[in-house]
Amino acid sequence: MAWDPVWERVFNSQAWGKYPGEDLIRFVARSFYAAPDHGAVPILEVGSGTGANLWFLAREGFAAFGVEGSPTAAAMSRERLASECPGWDQGPRSGRVIVGDIANLPWPDDHFHAVIDSEAVYCNGYDESRAIYREMHRVTRPGGRLFVRTFATGCWGDGLGEEVGSHRFVANAGPLAGKGPSRFTAFEELPALLEPWQIVEVNLATRTLDSQREAIREWIVEGVKR
């Protein structure tokens with residue numbers, strides 16, 4: 001299963017943000033706001049966590065689907081959606097959140113209009129991550145979209161702690177400490193990592209935390225299934 005049990009402890013002990021990032025909002029708006037019926041646009045997030053992105057999708061009327069390895073996080077997301085987005089999981093085109101393996105998605109080929117990885121797949125090794133992105137490609141319809149937010153090489157945590165693979169470390173300092181293995185991606189790795197997706201846009205987001213000198217570096221990638 002493409003999920004580290006350490007995240008069950010993390011979700012039980014750490015408060016999480018309630019709102020999606022601006023990059024994801026922009027991606028959804030540019031790709032799907034013009035659709036005449038948002039309810040006919042199913043969107044899947046792998047590693048959906050406590051549901052901040054799913055909440056946004058459901059509030060905007062999209063059919064929001066999530067796959068999460070942590071039962072605690074999945075329950076938290078369902079509770080929030082039920083409270084703040086009544087009816088999100090009801091009706092023939094409703095969404096749902098399941099506890100499952102993001103490497104083996106229980107949906108047929110060509111099902112979703114878009115798939116989202118917002119700092120979830122990075123927890124896996126390079127080969128495992130390639131397989132997950134291929135599985136995400138499988139369940140997306142032709143012309144469907146991909147959104148990826150993943151840590152870049154040079155990010156705080158890269159090179160710190162125990163090395164467990166190529167560009168992969170169990171960080172012992174920074175915001176990734178105590179959260180299992182973290183894989184950091186170089187720009188030149190993106191095409192092969194995301195194959196067979198066609199990359200259409202790549203941006204680098206850089207920020208610091210609490211006036212620290214070390215920076216959080218993340219790739220924001222958009223792709224399309226041809």
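Heavy atoms only: backbone and side chains are in, while hydrogens, waters and symmetry mates are out.
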inquiry  = If the condition is ring pair (Phe, Tyr, Trp, His ring centres under 6.0 Å), which residues does Phe56 pass it with, not counting sequence neighbours?
reply    = none
remark   = Sequence neighbours excluded, the answer for ring pair (Phe, Tyr, Trp, His ring centres under 6.0 Å) partners of Phe27 is Phe147
My understanding is that only residues two or more places apart in sequence, or in another chain, count here; which of them pass salt bridge (charged side-chain N to carboxylate O under 4.0 Å, His left out) with [X]?
X      : result
Asp127 : none
Glu128 : none
Arg138 : Asp109, Glu135
Glu201 : Arg30

message = By the salt bridge (charged side-chain N to carboxylate O under 4.0 Å, His left out) test, which pairs, at least two apart or in different chains, include something from residues 31-60?
response = Asp37-Arg93
task = Sort and list the pairs that fulfil side-chain hydrogen bond (donor to acceptor under 3.5 Å, both in side chains) and have at least one residue in residues 158-167, not counting sequence neighbours.
result = none
key: Residue pairs fulfilling side-chain hydrogen bond (donor to acceptor under 3.5 Å, both in side chains) with at least one residue in residues 141-155, sequence neighbours excluded   = Asp23-Arg149, His113-Arg141, Arg149-Glu218
query = What residue pairs, at least two apart or across chains, pass ring-ring contact (aromatic ring centres under 6.0 Å, His included) with a residue in residues 202-226?
reply = Phe187-Trp219
query = Mind checking who shares a hydrophobic cluster with Val224, ILVMFWY linked at side-chain heavy-atom distances under 4.5 Å?
reply = Val200
Shared-cluster residues of Val164, by chain and number - hydrophobic side chains joined below 4.5 Å = Val170
